[in-house]
Amino acid sequence: MVEHRRVFNLKDCELNIFETFHRCDNVHLSYNGLVVSSMMRGKKIMTLAESPEFDFLPGESVILPEGVSMKVDFPDADERHPVQCATLALDWNMVNKNLEFLNQYYPNSEAPFEWKLNFGRYHFLNNKELAGSISKLISISMEESVAKDALADLSLKFLLLRIIQTQNLALIQETPLPEHYHLSPAVQYIKDHLAEKISMDKLASESCMSRSVFFQAFKTQLGVSPLEYVQRERIRKAKDILADTKVSITDVCYQTGFNNLNYFIKLFKRMEGVTPSAYRK
């Protein structure tokens, strides 16, 4: 009586669409297999094992290994503002086979990035690539096509790769990279020169690669282009500066390497869902 659930079954995957219409606390959920859960609407407060609780909001995803129990609170749910969540339960045999496929045919021996899931980083913000792959699999699950299992199999490989890339991206944003990792010089250069003009040729030179090889390596391992990474880092820095209300929006724009205020506001809103001034409030 707590959650309304719709189920769509595939060969190696089960899609659950949950809707919650009533405020409630201490709801315990667990699944078999790998769980990929993505918020669509509303807010949950989640607690996993001994970890601190966290807000689970639209535009975010959670991955969980088999057998992990989640305690969930729904503080704001009501009939006018239901909480909606899409949860994919994936067969572990299929997951392991797909990871083996990636490591066999597309080996990535560069530490710290390997084709494996990181359950220490189970909660992360979606990027457009990950959100697109989740949406694609949801769409396939709801089809009546006789080929939907084949389409789902291909989409699941894509989804796993996007999850790993998203985790790798979060890793380099939050922790120092090993000096021997071949993208470390470029990533560090970006962090040290965000307020300046950053060229692709300079980044490639920092990593001792040609422009094309550097672009491909960056995109493959992190799921975004070097330019997209620079933009994300600049917006991250802008969010930090916005905490100081004495700094004007225009100054924030130029301190983070943007030379056009309108473009800065437009990009900030596209990435964060609100304008810089609304974010500050």
Side-chain angles (χ1 to χ4, degrees), residues 38-46 52-62 75-76 81 83 121 123-132 162 165-177 183-207 211 214-215 218-219 221-281:
S38 188
M39 279 293 286
M40 302 164 66
R41 181 180 179 184
K43 172 183 174 180
K44 295 182 181 180
I45 300 176
M46 298 184 63
E53 68 178 28
F54 61 90
D55 291 346
F56 191 23
L57 302 170
E60 298 176 349
S61 290
V62 166
D76 305 320
H81 306 94
V83 174
R121 193 169 300 279
H123 175 219
F124 43 85
L125 184 67
N126 293 349
N127 53 36
K128 65 180 181 181
E129 294 82 11
L130 177 58
R162 288 301 192 197
Q165 288 175 327
T166 302
Q167 291 179 322
N168 288 345
L169 183 60
L171 180 65
I172 71 167
Q173 288 174 326
E174 298 171 13
T175 59
L177 286 170
L183 290 180
S184 291
V187 170
Q188 191 59 51
Y189 183 89
I190 291 170
K191 292 180 178 180
D192 293 341
H193 298 83
L194 280 177
E196 305 168 20
K197 183 177 180 180
I198 299 175
S199 72
M200 179 78 71
D201 289 334
K202 177 62 177 175
L203 295 179
S205 174
E206 287 290 317
S207 294
R211 180 186 175 102
F214 170 74
F215 182 92
F218 205 101
K219 183 81 172 179
Q221 296 187 26
L222 303 179
V224 297
S225 70
L227 175 60
E228 289 172 310
Y229 179 75
V230 170
Q231 290 176 333
R232 292 174 190 224
E233 285 298 290
R234 284 175 168 162
I235 295 300
R236 276 163 54 90
K237 183 177 180 180
K239 289 162 65 178
D240 291 337
I241 300 175
L242 284 167
D244 184 354
T245 56
K246 296 178 182 178
V247 182
S248 70
I249 302 297
T250 300
D251 286 342
V252 174
C253 167
Y254 291 114
Q255 287 181 32
T256 51
F258 294 98
N259 55 19
N260 183 296
L261 180 60
N262 289 333
Y263 176 74
F264 166 66
I265 293 172
K266 181 179 179 180
L267 181 64
F268 193 101
K269 185 173 182 180
R270 190 177 78 202
M271 295 181 68
E272 299 298 324
V274 294
T275 64
S277 57
Y279 180 87
R280 169 175 276 172
K281 291 177 182 179

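Numbers for residues simply follow the sequence, beginning at 1.
Interatomic distance, D192 CG to E206 CD, rounded to the nearest 0.5 Å: 9.5 Å. Here the straight-line distance linking atom NZ of K44 with atom CD of E53 works out to 15.0 Å at 0.5 Å rounding. Taking CG of L227 as the reference point, atom OG of S199 lies at 11.5 Å (rounded to 0.5 Å). Atom CG of L203 is separated from atom OH of Y229 by 10.5 Å, given to the nearest 0.5 angstrom. Note: T275 OG1 to I249 CD1 = 7.5 Å, rounded to the nearest 0.5 Å. Atom CE of M39 is separated from atom CG of D55 by 10.0 Å, given to the nearest 0.5 angstrom.
Ion pairing between a basic and an acidic side chain is recognised when a charged N comes within 4.0 Å of a carboxylate O; E233 and K237 show no such pairing.
Ring-plane geometry between F54 and F56 is classed as perpendicular, the angle between the planes exceeding 60 degrees on a 0 to 90 degree scale with a lower cut at 30.
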(message) Could you walk me through whether R280 and T245 satisfy the side chain to side chain contact (heavy atoms under 4.5 Å, CB included) test, starting with their C-alpha distance in whole Å, then the side-chain angles of each, then the deciding distance to 0.1 Å, before giving a yes or no?
(response) CA-CA 8 Å; R280 169 175 276 172; T245 56; 4.2 Å; yes
(message) Run R232 and E228 through salt bridge (Lys or Arg N to Asp or Glu O under 4.0 Å) and show every step you take.
(response) CA-CA 6 Å; R232 292 174 190 224; E228 289 172 310; 5.2 Å; no
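Annotation: side-chain hydrogen bond (donor to acceptor under 3.5 Å, both in side chains) contacts of T250 (sequence neighbours excluded): none. Partners of D240 according to the side chain to side chain contact (heavy atoms under 4.5 Å, CB included) rule, which considers only residues two or more places apart in sequence or in another chain, do not exist here.
In summary, the aromatic rings of F214 and F218 are positioned with their centroids under 6.0 Å apart.
Heavy atoms from other residues, nucleotides or ligands lying under 6.0 Å from CG of D201 number more than 12.
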Distance-only check: which donor-acceptor pairs under 3.5 Å involve side-chain atoms of residues 263-273, not counting sequence neighbours?
unit_1, atom_1, unit_2, atom_2, d
Y263, OH, Q231, NE2, 2.8
E272, OE1, K239, NZ, 3.3

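Between the side chain of R211 and the main chain of M200, no donor-acceptor pair closer than 3.5 Å is present.
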